[in-house]
Amino acid sequence: MDETLMQEIRLLNRKNTDCAKWDSLWETFHQEDLLPMWVADMDFKAPQCVRQALHQAVDQGVFGYYQVPDRYYDSILTWEKLRHNNHLEKEWLRNTSGVVSGLFHLVRALTQPGDAIMVQTPVYYPFYRVIGHTGRKAVYQPLLQEKGTYTVDLADFEQRIIDNNVKIFLLCSPHNPVGRVWRREELEGMLACCRRHSVQVVADEIHHDLIMPGHTHIPAASLWEGENKPITFFSASKTFNLAGMKNSVLVLPQKEQREKFDAFEKELGTGLGSTLDFIAVTAAFEEGALWLDAVLAEIQGNYQLMCRALSRFEGVTVSPLEGTYLMWIDLGGMVSRQDLHDFVQNKCAIAPDYGHWFFPENELSDDTHIRLNLAAPRQTIQRAADQITAALKDLRGE
């Protein structure tokens, strides 16, 4: 790890900066004295190359209409090729203001009200809103779980497609919140089912750059030959801590689907986005690789620290972190669902994402997981580990 680089980008406190993670605790948790471990952005400064590019743009002093340069698209294509051996074409790329907003638009452009869309549970909770708020039918395919490791039941996966005439499978890869980086055979199995039943795969791969040692992200579209390739979303937002820039990439390999999406966007009168968004993303993809490598090493160290702390408690199950910077922890062996919020907030003084948020409403109200954000300085993670272990020891009467 480049310690000089990490010292330069570590942020110990974002409080009172209009930061959603730090400054909106009351709205969600009705407390303000909690250590924020929830919203999925980083407590690290963005890469120096990004900050420098933005300074240059601001110093120019003109903020008129902007023409997105080829350099922006080239930076994306080159990054995907070098980082993931993912060969894309410029004409396939579309820009959206975020993966979630892009999903809303894509679903409306390609499907009709009442069409069935399948997701695997638990999953990133805005997916449920994308389906429900567009009037589509939600189909839930539960992931199998054993000792914290999640896998896919392919027989059940295919049967739910058949039974519900599924039109779209919304794949989360790497998976948020359970931290899986799907193996080739797992992806091939799911894709084969979708091919047999003419299901359009839409892959949210926003965490595809956040991969832990020993694991490799495989783009879903790279495993598909011929027509109806998976549609893919990814972004610089999670990779380089640019979520506030509101810029994501939609990859539409099929011409007919591009035409439908473009026509829908035209009806909405959707604009291109902000000048500074494109400048920041271009700089990140062109020059941010060393920064990302250092941050990944920091996240891996944070994960190991938290695992060591929690390993003392047999009633706590930690899911292996293969991808993302989001740690999925089951406290159910020590804390009941009824007591979970009180324990985490009042005993641990932590603001997490609660596991039941990642299930369909009323589907699994007894879930006892929490999701903790590890993209923070080591001091923050040490503080969180100390607070949680002290509360767990107290619970055991130590």
Transitive ILVMFWY side-chain link [X] to [Y], under 4.5 Å:
X      : Y      : result
Leu170 : Val100 : yes
Val181 : Ile218 : no
Trp328 : Ile211 : no

Determine whether Val123 and Val178 make a side-chain contact, defined as any pair of heavy atoms from C-beta on separated by less than 4.5 Å.
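A side-chain contact under 4.5 Å is absent here.
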
Should Thr96 and Leu106 count as side-chain neighbours, where that means a heavy-atom distance under 4.5 Å?
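Contact flag for Thr96/Leu106 side chains = no.
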
In sequence, state the C-alpha distance, the side-chain angles, and the governing distance for Leu374 and Leu321, and then conclude on side chain to side chain contact (heavy atoms under 4.5 Å, CB included).
CA-CA 11 Å; Leu374 299 179; Leu321 185 66; 4.0 Å; yes

After noting the C-alpha distance and the side-chain angles of Ile370 and Phe343, does the key distance pass the side chain to side chain contact (heavy atoms under 4.5 Å, CB included) rule?
CA-CA 11 Å; Ile370 57 173; Phe343 176 77; over 6 Å; no

Which of parallel (below 30°), tilted (30 to 60°) and perpendicular (above 60°) describes [X] and [Y]?
X      : Y      : value
Phe29  : Trp38  : perpendicular
Phe127 : Tyr124 : perpendicular
Phe240 : Phe285 : perpendicular

[X] with [Y]: basic N within carboxylate O range, under 4.0 Å:
X      : Y      : result
Asp342 : Lys347 : yes
Lys266 : Asp262 : no
Asp277 : Lys246 : no
Arg94  : Glu265 : no
Lys15  : Asp33  : no

Which residues share a side chain to side chain contact (heavy atoms under 4.5 Å, CB included) with Glu256, sequence neighbours left out:
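Listed in chain order: Lys260.
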
All side chain to side chain contact (heavy atoms under 4.5 Å, CB included) counterparts of Thr216, not counting sequence neighbours
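Expected list: none.
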
Could you go step by step and tell me if Ile350 and Leu34 meet the side chain to side chain contact (heavy atoms under 4.5 Å, CB included) rule?
CA-CA 5 Å; Ile350 297 288; Leu34 304 176; over 6 Å; no

Starting at [atom1] of [X], measure out to [atom2] of [Y] and round the result to the nearest 0.5 Å.
X      : Y      : atom1 : atom2 : answer
Arg108 : His133 : CZ    : NE2   : 10.5 Å
Ile206 : Ser235 : CD1   : OG    : 4.5 Å
Asp41  : Arg14  : CG    : CZ    : 4.0 Å
Tyr150 : Arg180 : OH    : CZ    : 11.5 Å
Lys229 : Gln254 : NZ    : CD    : 8.5 Å

Please confirm whether [X] and [Y] have ring centers closer than 6.0 angstrom.
X      : Y      : answer
Tyr140 : Tyr128 : yes
His341 : His30  : no
Trp79  : Phe234 : no

Whichever hydrophobic residues join Ile162 through chains of side-chain contacts under 4.5 Å
none

Member of Lys238, His217, His84 meeting the side-chain hydrogen bond (donor to acceptor under 3.5 Å, both in side chains) criterion with Asp209
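Per the side-chain hydrogen bond (donor to acceptor under 3.5 Å, both in side chains) rule, the option paired with Asp209 is His84, out of Lys238, His217, His84.
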
Answer yes or no: is there a donor N or O on one side and an acceptor on the other, between the side chain of Asp394 and the main chain of Ala390, under 3.5 Å?
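The answer is no, because no donor-acceptor pair under 3.5 Å joins these two groups.
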
Strictly distance-based, threshold 3.5 Å: is any side-chain N or O of Asn241 a donor or acceptor partner for the main-chain N or O of Ala46?
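Checking the backbone N and O of Ala46 against the side chain of Asn241, no donor-acceptor pair under 3.5 Å is found.
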
Quick check: closest heavy atoms across Glu32 and Leu25, and the distance to 0.1 Å?
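So the minimum-distance heavy-atom pair works out to O-CD1, 3.9 Å.
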
Heavy-atom closest contact (Trp92 atom, His87 atom, distance):
CZ3-O, 3.9 Å

Start with the C-alpha gap between Leu331 and Phe313, add the side-chain angles, then the distance that decides, and say whether side chain to side chain contact (heavy atoms under 4.5 Å, CB included) holds.
CA-CA 10 Å; Leu331 299 174; Phe313 305 96; over 6 Å; no

Qualifying residue for ring pair (Phe, Tyr, Trp, His ring centres under 6.0 Å) with Tyr125, from Tyr354, Phe358, Phe359:
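The ring pair (Phe, Tyr, Trp, His ring centres under 6.0 Å) with Tyr125 is passed solely by Phe358 among Tyr354, Phe358, Phe359.
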
Phe233 and its side-chain contact (heavy atoms from CB on, under 4.5 Å) partner, picked from Val249, Val251, Leu103:
Leu103

